[in-house]
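The structure under discussion appears below in the form of structure tokens.
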Amino acid sequence: MDTPFMKKLNAAQLNAATCKSNSVQILAGPGSGKTRVLTSRVAWLVLSEHVRPQNIVVVTFTNKAAKEMRHRLESPELLGSMQSDKLCMGTFHSICARLLRQYHAHVQLKPNFTIADTDMSRHAIKKLKEELIGELSDYGRTKMKPEAYFNVISKARNAGMNVDQYIEKNYGEWDKKDICIMFKAYEDRMHADNLVDFDNLLLYTRVLLARFPSAANFVSHVLVDEFQDTNVVQYDIVKGLTRGGKALTIVGDPDQSIFGWRNADRGNFIKMQREFKGTQICNLEENYRSTKHILKSAFHVVSKDKKRIDKSLFTENAEGVPMSMLKMSDDTMEAQSVAEEIKRIVEYSGSLITYKDIAILVRMNYLSRAFESALNSLSIPYVVIGGVKFFERAEVKDILAYLRFCYNANDTEAFERIINRPRRGVGEVTMNKIEKLSRQPGATIISVLRDISTGKGKMIASIPLKTKQNLAGFVNLYDNVQELMQKKSYIYRILEYIIGDTNYKEFLQKEHPDKDGESRWDNVGELVTFAKQFNPPPDNLAKNSAAVTMSGIEILENEPPENESNVEDSLPDLPNYTEPTEEEPPLGDDERLNDGDHIVRFLELTTLSTNSKEEDEADLGKVTISTMHSAKGLEWPVVFTIACEAGIIPHQKAEDDMEECRLLYVAMTRPKCKFI
DNA sequence: CCGAACCCTGTTTTT
DNA sequence: CAGGGTTCGG
């Protein structure tokens, strides 16, 4: 019972971590040890209450939080990796993806659906705009950008509406007609392409859990981090996972609710109290991070929020020095002085404070530019968090799109991305013809391409011989990758084959003759290295280890990869897979979700995870530049909150100024006064 | 009909 | 600074 980690908790924390109630709300202000309590509660459930870890679901919002949680629970002081690996832990989106993969048939999905990121969604809408030219109004055709459509559609879905509900509600509203048309067309297109976008990962899961509650049979305890960020859909998913409305623990802080624009609703705290009878509320009021000065100033900001649920926060920490406010004439000057100040602090402290202890928090990603160049000019090393993510780089997405398309040949978005990278002589016109033909009954993109390249497709006249040859090569690449997948080759081998067969390096150099080309090529290499963590399913490791030669690349089957698996936020391995039956999903209390094959795991991790290589290097003596949003949950001894001016924070387009206050509150509570 | 070369714009926050 | 739009040569 008295496990070592509990001795590290104060009375309120201990009470929260070991609360016997089935429904617990832990309201935790900044720096009050929220993550420590949540991880301790998981450990307590397993070690003292003898709950099986495979029956515990831990949901976070960001990959970073999931990673941090996993890291802490792996420590022998808590669970150790043997036990913690069995937990079902991840972001909302990754857990939903797993549920849908397992129960695809229950929500009319094919087992090999792929996940569309925001770029792909927008691109799909852009194309639909052209196709729907006859149906949209003048305004919808000329004034509405794809992004505008997508934002409205996404907002509706985050408010819990699917297409049919949206159309039902807005039918007859003349100004919503374009959206209705686009919404419907978009959903149909995604379905036809066997694609699920971010919003639908959640919406489909909500439907799954509502219609097949037993899909959550394997769950006995649900814990949710950052509950103030949940929207109605996520709330329903959480509730669905708890089935009878039991065994739910949430931690959160209404004052740190900064995702209202994504329909996050602080009302979910009250809703939970109403719907989960006997909810215990535990307040964590002692702050261990901030100085008295900072806490006071930060509280002053957040208390502007008149609708705020009143709660207190105190600290035993020192008074500290007052915050300093610097007024600058312009952004260059601002960046310059911050950079100089950083240099000064490091020198003045005699390197007691180093670069890694310092962060610059910005409201918008692009604001980091000025600071990057200022830091560069003083040769101060830095990392940007939340900028262009590794898996969002064009060259990385290209290679991944090849894998996606070969895995899900309906993925038109992936196809469009890769067909001209490298150039194959297919332009917009030919592309449209191919797509149109592929959408006819019985046809697929590949079947159309096969017809063209073998000359059978006389419906497409006047395709140059060169293009035909290129397409034949593409079909060949597809077939070969299919074969490799069937053989359960290592992913990095498949990627190497794709990269080699497409001559991707040459293409990159041609597109980016400067130094840029090299760094892009490095990224491709890094992707291959990353892929080495993914092992094919174990059952076919022993058989035939013959070397196959294909297009000059030697493919060694079943050779162990160089890296051991060490993947954050991939949900744990699970050997025994059972096909879901029609009515009753297969998982009993003992069982866990199936992971899918290594290709799926890889594709999901790369589309659902945002962390870049650089972020992992944040500890390595570099200044951190981060958005205020992604700084939540993090802390540094020295924090610069920049561009605190009207229009930036609060942002011009902000719908809710109180939320801007909360955002500034989050930023202001990042500095920690103890750093040794 | 494709693609290279040019100029233009305009940027919230995340999965 | 990329991503879209436009123009022009093959």
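Proteins come first, then strands; the chains are lettered A, B, ... in the order of their sequence lines, and each starts at number 1. Predicted model, so just to flag it, every value in this text is computed and none were measured. Below, each value reflects all heavy atoms present in this structure, side chains not excepted, and no hydrogens, waters or symmetry copies.
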Euclidean distance, atom CD1 of residue A:Ile434 to atom P of B:dC1 [Å, nearest integer]: 13 Å

What parts of residues 421-428 of chain A reach DNA chain B, counting only heavy atoms under 4.0 Å away? A:Arg423, A:Gly425, A:Val426, A:Gly427, A:Glu428

Give a yes/no answer on whether the side chain of A:Thr607 brings an N or O atom under 4.0 Å of OP1 or OP2 in B:dT15. no

Centroid under 5.5 Å and tilt under 30°, A:Trp261 to B:dT13: yes

Would you say the side chain of A:Arg424 lies within less than 4.5 Å of the side chain of A:Lys468, judging by non-hydrogen atoms? no

Under a 4.0 Å threshold between the charged nitrogen and the carboxylate oxygen, would A:Asp178 count as salt-bridged to A:Lys129? no

Atom NZ of A:Lys155 and atom P of B:dT15 are separated, to the nearest Å, by 18 Å

Separation of B:dT15 P from A:Asp197 CG (nearest whole Å): 16 Å

Nearest-nucleotide 5' precedence on DNA chain B, A:Asp199 against A:Lys510: A:Lys510

Output the rounded distance in Å from CD (A:Glu147) to P (B:dT13). 11 Å

Tell whether A:Thr118 reaches the base of B:dT15 with its side chain through a donor-acceptor pair below 3.5 angstrom. yes

For the residue pair A:Thr60 / A:Asp225, report whether a side-chain donor-acceptor contact shorter than 3.5 Å exists. no

By nearest atom, which of the nucleotides B:dT13, B:dC2, B:dT15 is closest to the A:Asn365 side chain? B:dT13

Hydrogens and angles aside, do A:Asn194 and A:Asp411 bring a side-chain donor and acceptor to less than 3.5 Å of each other? no

Round to the nearest Å and state the distance from A:Arg662 atom CZ to B:dT13 atom P. 18 Å

Which nucleotide wins on minimum distance to the side chain of A:Lys126, given the candidates B:dC1, C:dG4, B:dT14? C:dG4

Rounded to the nearest 0.5 Å, how far apart are CZ of A:Arg417 and CG of A:Asp398? 4.5 Å

Is A:Tyr366 stacked on the base of B:dT11, with ring centres under 5.5 Å apart and planes under 30° apart? yes

Which of B:dT13, B:dG3, B:dC2 is nearest the side chain of A:Asn420? It is B:dG3

Short side-chain donor-acceptor distance under 3.5 Å, A:Gln256 and A:Tyr665: no

Kindly say if A:Lys389 contacts the phosphate of B:dT14, meaning a side-chain N or O under 4.0 Å from OP1 or OP2. no

Among B:dT14, C:dC1, B:dC1, which nucleotide sits nearest the side chain of A:Phe259? B:dT14

More than 12 heavy atoms of other groups within 6.0 Å of A:Lys304 NZ: no

Once you round it to whole Å, what is the distance between P of B:dC1 and CG of A:Asn470? 18 Å

Assign A:Asp229 to base, sugar-phosphate, or nothing according to its heavy-atom contacts below 4.0 angstrom with the strands shown. nothing

Suppose we call two aromatic rings close when their centres sit under 6.0 Å apart. Are A:Tyr402 and A:Tyr407 close by that rule? no

Rounded to whole Å, the CG-P distance (A:Leu605 to B:dT15) equals 13 Å

Using atom CG of A:Asn158 as one end and atom C1' of B:dT13 as the other, report the distance to the nearest whole Å. 13 Å

When you match A:Thr467 and A:Ser630 each to their closest nucleotide on DNA chain B, which lands nearer the 5' end? A:Thr467

